[in-house]
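Working notes, beginning with the structure itself.
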Number of protein chains: 2
Amino acid sequence: MDTVFAHFSRYISLSDTLKTELAAVLTPVHFSKGELVLDAERTCTRSYFILQGMLRAYFLKDGKEITDFFSAEEEWCNSPKSFYTQQPGEYYLDAIEPADAMAISARDLVSLFDRFPEMERYARLSMGTVFGHLMERIASLRFTSAKEKYAHFLQTYEGIHHRIPLGMVASYLGITQETLSRLRADR
Amino acid sequence: MDTVFAHFSRYISLSDTLKTELAAVLTPVHFSKGELVLDAERTCTRSYFILQGMLRAYFLKDGKEITDFFSAEEEWCNSPKSFYTQQPGEYYLDAIEPADAMAISARDLVSLFDRFPEMERYARLSMGTVFGHLMERIASLRFTSAKEKYAHFLQTYEGIHHRIPLGMVASYLGITQETLSRLRADR
DNA sequence: GTAATTATTTGATCCAGGTCAAATTTTAAC
DNA sequence: GTTAAAATTTGACCTGGATCAAATAATTAC
């Protein structure tokens, strides 16, 4: 639980009351490697704060899995639109490594937003961080060669990139695995 | 001012007190066509709620302007990272149409966040909307033909796309203007 | 440990969209 | 209006990365 608190503390100061409330609604979950965390057919009712391991979000295009993002230690993972609207979304979530996480339901989160203004602030600020990453990614997807895209990926996922299978990286970058493989071999 | 209030009301209910405070810190500004609203060398100290006209954010790559987004009526426009961190960012903002807007300073906004929890909520929720657009855009930039990208643009900027010069659309999409021109002529 | 499955690499070929160049149309300035 | 400047279109050509196919390596299951 300390890890979760430490994360929140990067954005807001946590009162004891809020700590207690958070502890009450965060439940530990485990996913084994390859396990489907969320099926796109279903609504994403919970958000996962990852303590250990890695989850991935992907969608299907022409029957193929297109990876959209990876979430590792000390990050939240959910199907954003689905979690926000509480309607089924387009994303599948799966565990590409065995994972331990703390889960919070959308219901409980909304209740916290209603009772703790600092939770609103936390959400606004942490969202801002992710927002910046999305904008950088958009920039890196346009007018850049496959090599530049890969370089940007290595930078963004510095420290975890080696834990991600090549095929998933390729679809994340919007290039084929063949191209990425050649790129790594430097040709 | 009514237009601004109506916009806020889509996310939160505005108390009279908050209305008064907002009215006190929002100042009308006008930009003539082609005017530089923000130089990337400077910090973005104000955010603009557009009443009429269109602003655009772009950055320079190899000396060329790469358009990153357009903001039109009833939308906020600023250099996100710069406005958030109060440090110079990479974006230039300019008016691609004569524009009337209401400006709020980062300073005043922070003060509102401190005193009105509902402002935090507004920010969180409205940010969520933009967040969704960014993710869709990322999806549309990968594994899609130039034609598909353009179709997505027409959908995203439905109702305003005809007001945007072709060259800016091209750099927004990450394709050359020649390709976009041929695309429109349907070849 | 061995077989089966899945991931990665390598090779050959092809095309969407880039680049460079120039003509034409539109817009702005005076 | 006339001229200049900017935006858009058109043409010819070329290349990065896609596609298709098959070999090799690495994991996983039993």
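Just so we're on the same page: letters track the sequence lines, and every chain starts at 1.
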Set of salt bridge (Lys or Arg N to Asp or Glu O under 4.0 Å) partners for Glu75(B), sequence neighbours left out: none
Under the salt bridge (Lys or Arg N to Asp or Glu O under 4.0 Å) test, residues paired with Arg121(B) that sit two or more places apart: Asp114(A), Glu120(A)
In [range], which ones come under 4.0 Å of DNA chain D, going by heavy atoms?
range	value
residues 140-168 of chain B	Pro165(B), Leu166(B), Gly167(B)
residues 54-70 of chain A	none
residues 172-179 of chain A	Gly174(A), Ile175(A), Thr176(A), Glu178(A), Thr179(A)

Can you tell me how far C1' of dG16(D) sits from CG of Leu183(A), to the nearest Å?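 From Leu183(A) CG to dG16(D) C1': 11 Å.
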Roughly how many Å is it from CD1 in Ile96(B) to P in dA7(D), rounded to a whole number?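 After rounding, the gap between these two atoms is 12 Å.
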Under a single-linkage rule joining Ile, Leu, Val, Met, Phe, Trp and Tyr whose side-chain heavy atoms are separated by less than 4.5 Å, which residues share a cluster with Leu60(B)? Leu36(B), Tyr58(B), Tyr92(B)
Hey, is [X] close enough to [Y] for a salt bridge, meaning N to O under 4.0 Å?
X	Y	result
Asp94(B)	Lys33(B)	no
Asp2(B)	Lys19(B)	no
Glu148(A)	Lys61(B)	yes
Arg56(A)	Glu65(A)	yes
Glu90(A)	Arg42(A)	no

Are Phe69(A) and Tyr172(A) near enough that their ring centres are under 6.0 Å apart?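 For Phe69(A) and Tyr172(A), the ring centres are not under 6.0 Å apart.
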is_close_aromatic(Tyr84(B), Phe131(A)), centroid dist under 6.0 Å: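 Tyr84(B) vs Phe131(A): aromatic centres not under 6.0 Å.
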Using the test side-chain hydrogen bond (donor to acceptor under 3.5 Å, both in side chains), find all partners of Ser105(B) that sit at least two apart in sequence or belong to another chain.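 side-chain hydrogen bond (donor to acceptor under 3.5 Å, both in side chains) list for Ser105(B), sorted by chain: Asp108(B).
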Rounded at 0.5 Å granularity, tell me how far [atom1] in [X] sits from [atom2] in [Y].
X	Y	atom1	atom2	value
Leu173(A)	Arg142(B)	CG	CZ	8.5 Å
Ile96(B)	Leu55(B)	CD1	CG	8.5 Å
Arg137(B)	Leu134(A)	CZ	CG	11.0 Å
Leu38(B)	Ser82(B)	CG	OG	6.0 Å

Is it the case that one hydrophobic cluster holds both Phe116(A) and Met1(A), taking links as side-chain heavy atoms less than 4.5 Å apart, direct or via other members? yes
Please check if Val37(B) and Ile104(B) belong to a single hydrophobic cluster, counting links between Ile, Leu, Val, Met, Phe, Trp and Tyr side chain heavy atoms closer than 4.5 Å.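 Each belongs to a different hydrophobic cluster.
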Counterpart residues, ring pair (Phe, Tyr, Trp, His ring centres under 6.0 Å), relative to Tyr122(A) (two or more places apart):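 In terms of ring pair (Phe, Tyr, Trp, His ring centres under 6.0 Å), with neighbours along the sequence ignored, Tyr122(A) is linked to His7(A), Phe8(A), Tyr11(A).
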I'd like to know if the side chain of Glu35(B) and the backbone of Ser32(B) have a donor-acceptor N/O pair within less than 3.5 Å. yes
Would you indicate whether Arg10(A), at its atom CZ, is surrounded by more than 12 heavy atoms from other residues, nucleotides or ligands within a distance under 6.0 Å? no
Atom pairs under 3.5 Å, N or O on each side, protein against nucleotides 12-14 of chain C: can you list them with distances?
| unit_1 | atom_1 | unit_2 | atom_2 | d |
| --- | --- | --- | --- | --- |
| dA12(C) | N6 | Arg182(A) | NH2 | 3.4 |

Tell me, for nucleotides 23-30 of chain C in 5' to 3' order, what letter each nucleotide earns: B for a base near a protein heavy atom under 4.0 Å, S for only sugar-phosphate near one, - for neither? -----S--
At a cut-off of 3.5 Å, list every protein nitrogen or oxygen paired with a nitrogen or oxygen from nucleotides 3-5 of chain C, distance to 0.1 Å.
none

Between the two end axes of the helix from dG1(C)-dC30(D) to dC30(C)-dG1(D), each built from 5 base pairs, what angle do you get to the nearest 10°? 70°
